[in-house]
Asks: 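Next up is a structure, given as structure tokens.
Chain letters run A, B, ... following the sequence lines, proteins first, then strands; residues in each count from 1.
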Number of protein chains: 2
Amino acid sequence: MKHIAESTVRRLSLYLRFLEELEGQGRETISSEVLADSGGTTSAQVRKDLSFFGSFGKRGLGYSVTALAKRLREILGLGQPWQVVIIGAGKIGAALAQYRGFRARGFHVVGIFDSDPAKVGRTLDGVTVSDLAQLERELKQLKPQIAVLTVPADVAQELVQRLTKAGVRGILNFAPATLHAPDGVTVRSVNMALELEILSYALAHER
Amino acid sequence: MKHIAESTVRRLSLYLRFLEELEGQGRETISSEVLADSGGTTSAQVRKDLSFFGSFGKRGLGYSVTALAKRLREILGLGQPWQVVIIGAGKIGAALAQYRGFRARGFHVVGIFDSDPAKVGRTLDGVTVSDLAQLERELKQLKPQIAVLTVPADVAQELVQRLTKAGVRGILNFAPATLHAPDGVTVRSVNMALELEILSYALAHER
DNA sequence: CTCTGTGAACATCTTCACAGCT
DNA sequence: AGCTGTGAAGATGTTCACAGAG
């Protein structure tokens, strides 16, 4: 398969979110025009995005809401559930552990780890916080494909190594650090302070 | 000034983070090559990014760490502090209110609002949660330039209207919704579930 | 001789515009 | 007639490669 741009994948997720809303409303078909508005883009962009994966629409009619939603779930890899572990049970880690949006999308939090003895043993949304020292041992059982990193920046890279060695293939990083991972392991970083700085730039440069 | 790509602004933030680390270490100059490694990019990209704003380096030598850091702070609009209000004192709102990285960068949380009576009156990191019904009245005093939205998706757009009317010019949105704002108001969205879905796509399509 | 600054070449992403199904 | 699917054109972002300052 040809390489697909991240911006395309991001839009596919937005389309899916909107399609699921429409499914709930019992709507049967939708045009690229309406789908475009929901994601803040253009109808041509919608059609181009979808065309990379096949022809799902009917000319003169539009797309079947349920069929397209199903197809998008497959494309995005949401057909099967993913096992997720959260590393770091601080404020953000705890908030994510209890975030309903994850489970709703098929991301199951199966483990939470922290090195702080005061946090180990607590339960967050039905999952007990384990000692980070037991990470390798527990991952053998849990076999998560994805890890969410909410630890201080200075230990983040070290944890990428440990997680990778334990078989994790995707990491969502919230630490303000540039991380390196071996081939075959995908790392995405979300950096709240950086998002505010981009906003700051925009405000400072308004004419 | 010519329009600057978001990807460029994002990299400038990363360069600044690394430069501040170097400042702490007492290092005086740095080459585009080393700066590139820190942000996961190339030396040509670094020089191009900086060239949009002027010539800050010395050929044969590199860039002065302190001078470049100072210049980047100005460019990013971090010269003066920003007043920030957080709308929504749930898990994520509370976590952000207490996040050290914001204050360190000159983003001051001056107000937190929630509509839940159980949360109003609580204190988070020295700021008392106010009733959302009092938003307009309190914003007249606080005069924040930036708002962080951590509310349910179905009320997010309505709050964009209220905040915009009250003079807020930048919104960082954590609700899973596509928001529309009038000209002159910048909205950025961070969507955790969507980031996991992009990861899911990458894992599902590994060869 | 080193390392910046920058046009030019290249690659990638978006928009246009229209042929062709339904 | 309506709306998709898609090459081609256009816009935007990145890399190359080298002249030239220190």
Asks: For B/Arg10 and D/dT14, what is the distance between atoms CZ and C1' respectively, to the nearest whole Å?
Replies: 17 Å

Asks: Listed in order of residue number, which residues of residues 180-191 of chain B have a non-hydrogen atom at under 4.0 Å from DNA chain D?
Replies: none

Asks: With rounding to the nearest 0.5 Å, note down the distance linking OG in B/Ser13 to CG in A/Asn191.
Replies: 8.0 Å

Asks: Does A/Arg47 or A/Ser7 map to a spot on DNA chain C nearer the 5' end, using the closest nucleotide for each?
Replies: A/Ser7

Asks: First contact, last contact: which nucleotides of DNA chain C are these for chain A, 5' to 3', heavy-atom distance under 4.0 Å?
Replies: C/dC13 to C/dT22

Asks: Counting only non-hydrogen atoms, which of residues 15-36 of chain B are less than 4.0 Å from DNA chain C?
Replies: B/Ser31, B/Ser32

Asks: Using modelled atom types only, decide if a donor and an acceptor are shared between the side chain of A/Ser200 and the backbone of B/Gly77 within a distance under 3.5 Å.
Replies: yes

Asks: So with a 6.0 Å cut-off around CD of B/Gln80, is the heavy-atom count from everything else above 12?
Replies: yes

Asks: To the nearest 0.5 Å, tell me how far B/Leu96 CG sits from B/Ile112 CD1.
Replies: 9.5 Å

Asks: Apply salt bridge (charged side-chain N to carboxylate O under 4.0 Å, His left out) to B/Lys70 and B/Glu23, showing your working.
Replies: CA-CA 11 Å; B/Lys70 181 159 177 261; B/Glu23 262 184 320; over 6 Å; no

Asks: Does any pair with a residue in residues 170-185 of chain B pass side-chain hydrogen bond (donor to acceptor under 3.5 Å, both in side chains), and if so which ones, sequence neighbours excluded?
Replies: B/Asn173-B/Ser189

Asks: Sort out for me which residue in B/Arg11, B/Arg10, B/Arg105 forms a salt bridge (charged side-chain N to carboxylate O under 4.0 Å, His left out) with A/Glu197.
Replies: B/Arg105

Asks: When the nearest nucleotide of DNA chain C is assigned to A/Gln45 and to B/Ala44 on a heavy-atom basis, which residue is associated with the more 5' position?
Replies: B/Ala44

Asks: Please write out each protein N/O paired with an N/O of nucleotides 10-12 of chain D under 3.5 Å, distance rounded to 0.1 Å.
Replies:
none

Asks: On the 0 to 90° scale, with breaks at 30° and 60°, tag the B/Tyr99-B/Phe102 ring pair as parallel, tilted or perpendicular.
Replies: perpendicular

Asks: Donor-acceptor check, side chain of B/Asp114 to backbone of B/Ala89, threshold 3.5 angstrom: yes or no?
Replies: yes

Asks: Go through the steps for B/Tyr201 and A/Leu78 under the test side chain to side chain contact (heavy atoms under 4.5 Å, CB included), then give the verdict.
Replies: CA-CA 8 Å; B/Tyr201 175 86; A/Leu78 302 174; over 6 Å; no

Asks: Quick check: does any side chain N or O of B/Gln83 sit under 3.5 Å from a backbone N or O of B/Gln145, one acting as donor and the other as acceptor?
Replies: no

Asks: Just by distance, do the side chain of A/His205 and the backbone of B/His3 share a donor-acceptor pair under 3.5 Å?
Replies: no

Asks: Check for a donor-acceptor pair, side chain of B/Thr150 on one end and backbone N or O of B/Gly88 on the other, with a separation under 3.5 Å.
Replies: yes

Asks: Please round to the nearest 0.5 Å and tell me the distance separating atom OG1 of B/Thr186 and atom CG of B/Leu172.
Replies: 11.5 Å

Asks: In whole angstrom, give the distance that lies between atom NZ of B/Lys48 and atom P of D/dC16.
Replies: 13 Å

Asks: In whole Å, what is the span from the CG atom of B/Leu12 to the P atom of D/dG13?
Replies: 13 Å

Asks: Can you measure from CG (A/Leu35) to CG (A/Leu50) and round to the nearest 0.5 angstrom?
Replies: 7.0 Å

Asks: May I have the distance from A/Asp37 (atom CG) to D/dC3 (atom P), rounded to whole angstrom?
Replies: 13 Å

Asks: Do any N or O atoms from the side chain of A/Arg188 and from the backbone of B/Leu199 form a donor-acceptor pair under 3.5 angstrom?
Replies: no

Asks: List in numerical order all residues of residues 51-75 of chain B for which some heavy atom is under 4.0 Å away from an atom belonging to DNA chain D.
Replies: B/Arg59

